[in-house]
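Quick notes on the structure that follows.
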Amino acid sequence: MIQVRQAQIKDSLEIRSIFRDTIIHVNAKDYSEKQIATWASGAEDIEQWEERINTLYFIVAETENNIVGFAYLKNGNYLDGLFVHKDFQRQGIGSKLLRIVESQVMMNDFEVIKSDVSKTALPFFDNKYYDVIKKQKKNYKGLVFENYLVEKPF
Ligand SMILES: CC(C)(COP(=O)(O)OP(=O)(O)OC[C@H]1O[C@@H](n2cnc3c(N)ncnc32)[C@H](O)[C@@H]1OP(=O)(O)O)[C@@H](O)C(=O)NCCC(=O)NCCS
């Protein structure tokens, strides 16, 4: 049974572990070793994660008291993060989190949800009827990452 609830500060360590481990084990097939190490190092910025949890719409999926995925929104309609635990991929957890996030965006009175998604996640968003607006190169900590700007109108 997967339950979804609002994230709390006490979840920060588990959230950061999922972020790091999912990048290292799941996203690694689509990005270079250097890109993966740099991207995963974002897990170490404790203050930034705590600020996200405190200030953004931030939800976690949980089973038997273990967090197995999370998602958060910026600016009301921008999906800034969606990660599922490496050992719980393809079990519908990402779909469940996305459904709830989309409902929140609709409640915020927006007509569209947007995100910049990894090469790894593109088939998932395609399955959810997101349109690819453009393929792009984004700079993060001095490295260039290829990803896709996607959106879905309601
Ligand atoms: C993208 C992600 C969140 C999807 O979560 P998930 O829980 O595995 O997704 P679901 O089980 O709900 O998948 C729903 C459907 O999307 C499609 N899908 C998901 N992952 C896919 C993949 N790797 N390849 C092809 N189709 C995929 C499938 O149609 C799937 O249905 P099916 O399993 O019945 O075939 C997860 O793979 C992840 O954490 N990826 C790494 C982090 C990431 O890149 N996040 C994106 C933000 S940058």
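Note that the coordinates shown come from a computational prediction; the quantities given were computed from them, not determined experimentally. Each ligand, and each atom within it, is numbered from 1 in the order the structure gives. All values below come from the heavy atoms of this structure, side chains included, with hydrogens, waters and symmetry mates left out.
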Is [X] in polar range of ligand 1, meaning some N or O pair under 3.5 Å apart?
{"X": "D116", "answer": "no"}
{"X": "F88", "answer": "no"}
{"X": "G94", "answer": "yes"}
{"X": "P123", "answer": "no"}
{"X": "N127", "answer": "yes"}

Top protein contact for [atom], by heavy-atom distance:
{"atom": "atom 48 (S) of ligand 1", "value": "S118 N, 3.7 Å"}
{"atom": "atom 45 (N) of ligand 1", "value": "L82 O, 2.8 Å"}
{"atom": "atom 2 (C) of ligand 1", "value": "F124 CG, 4.5 Å"}
{"atom": "atom 39 (O) of ligand 1", "value": "V84 N, 2.9 Å"}
{"atom": "atom 8 (O) of ligand 1", "value": "R90 N, 2.8 Å"}

Pick whichever of [options] has a heavy atom sitting closest to [atom].
{"atom": "atom 43 (C) of ligand 1", "options": "D80, N27, I93, T120", "value": "N27"}
{"atom": "atom 38 (C) of ligand 1", "options": "H85, K86, Q89, K29", "value": "Q89"}
{"atom": "atom 12 (O) of ligand 1", "options": "A61, S95, A71", "value": "S95"}

- Item | D131 side-chain N/O to K152 backbone N/O, donor-acceptor pair under 3.5 Å | no

What atoms in ligand 1 come closer than 4.0 Å to a heavy atom of [X]?
{"X": "F83", "result": "39 (O), 42 (C)"}
{"X": "Q91", "result": "11 (O)"}
{"X": "G92", "result": "10 (P), 11 (O), 12 (O)"}
{"X": "T22", "result": "39 (O), 41 (C), 42 (C)"}
{"X": "A121", "result": "1 (C), 44 (O), 46 (C)"}

- Assess the pair W39 and Y31: is the distance between their ring centroids shorter than 6.0 Å?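 W39 vs Y31: aromatic centres under 6.0 Å.
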
- Message: In this structure, is the centre-to-centre distance between the rings of F70 and F58 below 6.0 Å?
- Response: yes

- Closest heavy-atom pair, T38 versus K34, reported as atoms and distance to 0.1 Å, is OG1-O, 2.8 Å

- Task: Could you tell me which non-hydrogen atom of S118 sits nearest to which non-hydrogen atom of N27, and how far apart they are?
- Result: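 Smallest interatomic distance, heavy atoms only, reads OG-ND2, 3.5 Å.
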
- Single-linkage hydrophobic cluster, 4.5 Å side-chain cutoff, I93 and F125 together: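 Looking at the clustering, F125 is in the same group as I93.
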
- By side chain to side chain donor-acceptor pair (under 3.5 Å), which residues pair with Q89, not counting sequence neighbours? none

- Task: Answer yes if a protein heavy atom lies under 4.0 Å from atom 34 (O) of ligand 1, otherwise answer no.
- Result: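 So atom 34 (O) of ligand 1 lacks protein heavy-atom neighbours under 4.0 Å.
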
- Who passes ring-ring contact (aromatic ring centres under 6.0 Å, His included) against Y78, sequence neighbours left out?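 Expected list: none.
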
